[in-house]
> 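Below you will find the structure I want to go over with you.
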Number of protein chains: 2
Amino acid sequence: MNYKTVIVDDHPIVISGIAGLLSDLENIVIVEKFESGVALLEYIEDHKVDLILMDIFLPVINGVDLCKTIKQKYPKMVIIGMSSQSERSLVMQFIQNGGNGYVLKNASFDEFKDCIYKAIEGEIVFSEEVKTIISQPLSEELERIPSLSRRERDIALLLSQGKSTQEIADDLFLSFLTVQTHRRNILQKYKMKNVAELIAFLLKNNLLN
Amino acid sequence: MNYKTVIVDDHPIVISGIAGLLSDLENIVIVEKFESGVALLEYIEDHKVDLILMDIFLPVINGVDLCKTIKQKYPKMVIIGMSSQSERSLVMQFIQNGGNGYVLKNASFDEFKDCIYKAIEGEIVFSEEVKTIISQPLSEELERIPSLSRRERDIALLLSQGKSTQEIADDLFLSFLTVQTHRRNILQKYKMKNVAELIAFLLKNNLLN
DNA sequence: CATTTTTTACCTGATATCAGGTAAAAAAAA
DNA sequence: TTTTTTTTACCTGATATCAGGTAAAAAATG
């Protein structure tokens, strides 16, 4: 069986590079190449496509939203995201929006090949470097981030649920003033301007919950 | 080569069940079973372990934190998370904290086997049901959540960066009062009490960025 | 056992948020 | 082109947050 494959990337050079790599693969047939997500969306309306390799950084529609849109209509389409550099949260977002895998553009031919075949078989795949990116904030990044004390985490959690200082005090049987002190300590600890920034920071760094 | 394997679960029945499944697998040798994370942490201090199968819902230390702690010291250890039911954010959190895979306990014997072998080979693996959970907020959940307008998203993004109403107004060349109106509209749209709850909601539902 | 960290608590004042209302351009969708 | 949504803007008052300072138990760590 042949997998009808489409490449989306706003750099023509990259398109031809990937096309070259894929041309050697059995069962993979490149049926079309696009430089924008809009053009892709139009194409899949009336053409059968099995596999999409897409750049994440695209003009107008970004890769994550593009993937989400496509998957809502065509859940069975296999979509692999690509980018040159990458950060953890972006990869996770792509997968949460239906992506079947994520590959860095500097991945070796074998990695590309492996990822594509495994994705077609239903796996969720990552190239080697992506795997390390996903699970490595542990070593460098996270070590210099101070952690919340138990009480601080309790309070931060209630803050993320929209509770006011008074409500938190009531919930935890504390004085209003105590909760106020904790709030300030947490903000100072991470050098945050207000709770909004704090909650965003804590969630992105998995310090909450 | 034999993979020294440890099972952690607070239900003895589950431990024996998994042990039974794994006993048939080649190369997998169960060297120890634990009912708590603390006991596991002590054990790995002075015993070689290659693979850990752990329940996510554990008393005292939860599976996510346990995984994180272990991976900081022993990055090469392969850790697979398990649970009976699961939700998307939990799985993602586990992987972001170094987990090599996530399997639902109702997975078939073949799924378990596949996942374990692939994880040992360096893949990040999910059982079938987990895969659908990861990428399915698209169908039901997300459809009834209203989306932000462009301006609202701009403002929400700046809010998540800790900016005040005045700062946002300056950034976007708008009146203070206009930004105030947008803020209120966003809060009303999602029925949120304040920006803290709003930011948490938007981030969890990938509506920001 | 001594030291450090955490948790508790109070006071004050400036500034910001939130909730209520209204309304008119501008842009997008039907 | 009409209708709807979005974006812009103003007013007021009650309440909440944030930043500054201080300090003493309690718990955890070395």
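Computed over heavy atoms, backbone and side chain alike; hydrogens, waters and symmetry mates excluded. Letters A, B, ... mirror the listed sequences (proteins, then strands); counts begin at 1.
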> Measure CD/B:Glu152 against C1'/D:dT5 and give the value in whole Å, please.
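It is 10 Å, rounded to the nearest whole Å.
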> Nearest-Å distance, CG (B:Leu174) to P (D:dT7)?
10 Å
> Between atom CZ in A:Phe173 and atom P in C:dT7, what is the gap in whole Å?
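Going from A:Phe173 (CZ) to C:dT7 (P), I get 18 Å.
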> Closer than 3.5 angstrom, by distance alone: can the side chain of A:Ser160 be matched with the main-chain N or O of A:Ile199 as a donor-acceptor pair?
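Here the side-chain-to-backbone pair does not exist.
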> I'd like to know if the side chain of B:Ser127 reaches the main chain of B:Leu104, judged simply by a donor and an acceptor atom lying under 3.5 Å from each other, with no hydrogens or angles considered.
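Side chain of B:Ser127 to backbone of B:Leu104, a donor-acceptor pair under 3.5 Å: yes, one is there.
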> Within the distance-only criterion (no hydrogens, no angle test), does the side chain of A:Lys163 pair as donor or acceptor with the backbone N or O of A:Ala169 below 3.5 angstrom?
no
> Look at A:Lys105 together with A:Asp55 and state whether they make a salt bridge at an N to O cut-off of under 4.0 Å.
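A salt bridge links A:Lys105 with A:Asp55.
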> Tell me: CZ of B:Arg153 to P of D:dT6, nearest whole Å?
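Atom-to-atom, B:Arg153 to D:dT6, this comes out as 12 Å.
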> Looking at A:Thr165, I'd like to know whether one of its side-chain N or O atoms comes within less than 4.0 Å of OP1 or OP2 on D:dT17.
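Checking A:Thr165 against D:dT17: at least one side-chain N or O falls below 4.0 Å of OP1 or OP2.
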> How far does the helix from C:dC1-D:dG30 to C:dA30-D:dT1 bend, going by the axes of its first and last five pairs, to the nearest 10°?
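End-to-end axis angle for the helix from C:dC1-D:dG30 to C:dA30-D:dT1: 90°, rounded to 10°.
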> For DNA chain C, which residues of residues 176-197 of chain B approach it to below 4.0 angstrom with any heavy atom?
B:Gln180, B:Arg183, B:Arg184, B:Lys193, B:Asn194, B:Val195
> State whether the side chain of B:Tyr190 and the backbone N or O of B:Pro146 hold a donor-acceptor pair below 3.5 Å, judged by distance alone.
yes
> Specify the separation, in whole Å, of atom NZ of A:Lys163 and atom P of C:dC18.
17 Å
> Which whole-number value in Å describes the distance from B:Leu148 CG to D:dT5 P?
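So the two atoms are 16 Å apart, to the nearest Å.
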> Pick out the pairs of N or O atoms, protein on one side and nucleotides 26-30 of chain D on the other, that lie under 3.5 Å.
none

> Between the side chains of A:Glu128 and A:Lys131, is the shortest nitrogen-to-carboxylate-oxygen separation below 4.0 Å, so that they form an ion pair?
yes
> So does A:Asp65 pair up with A:Lys68, basic N to acidic O under 4.0 Å?
no
> Quickly work out the B:Gln166 CD to C:dA14 C1' distance and round it to whole Å.
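For the pair B:Gln166 CD and C:dA14 C1', the rounded distance is 15 Å.
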> With a 4.0 Å cutoff (strictly under), does any side-chain N or O of B:Arg150 reach OP1 or OP2 of D:dT7?
no
> Please report the interatomic distance CG(B:Leu202) to CD1(B:Ile186), rounded to the nearest 0.5 Å.
7.5 Å
> Please find the pair of heavy atoms, one from B:Val78 and one from B:Asn100, that lie closest to each other, and give the distance.
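Scanning both residues, the minimum pair turns out to be CA-OD1, 3.5 Å.
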> Give a yes or no on whether the backbone of B:Glu197 and the side-chain of B:Asn194 come within a donor-acceptor separation of less than 3.5 Å.
yes
> Return yes if some donor-acceptor pair links the side-chain N/O of B:Lys4 with the main-chain N/O of B:Val29 below 3.5 Å, else return no.
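Answer holds: no.
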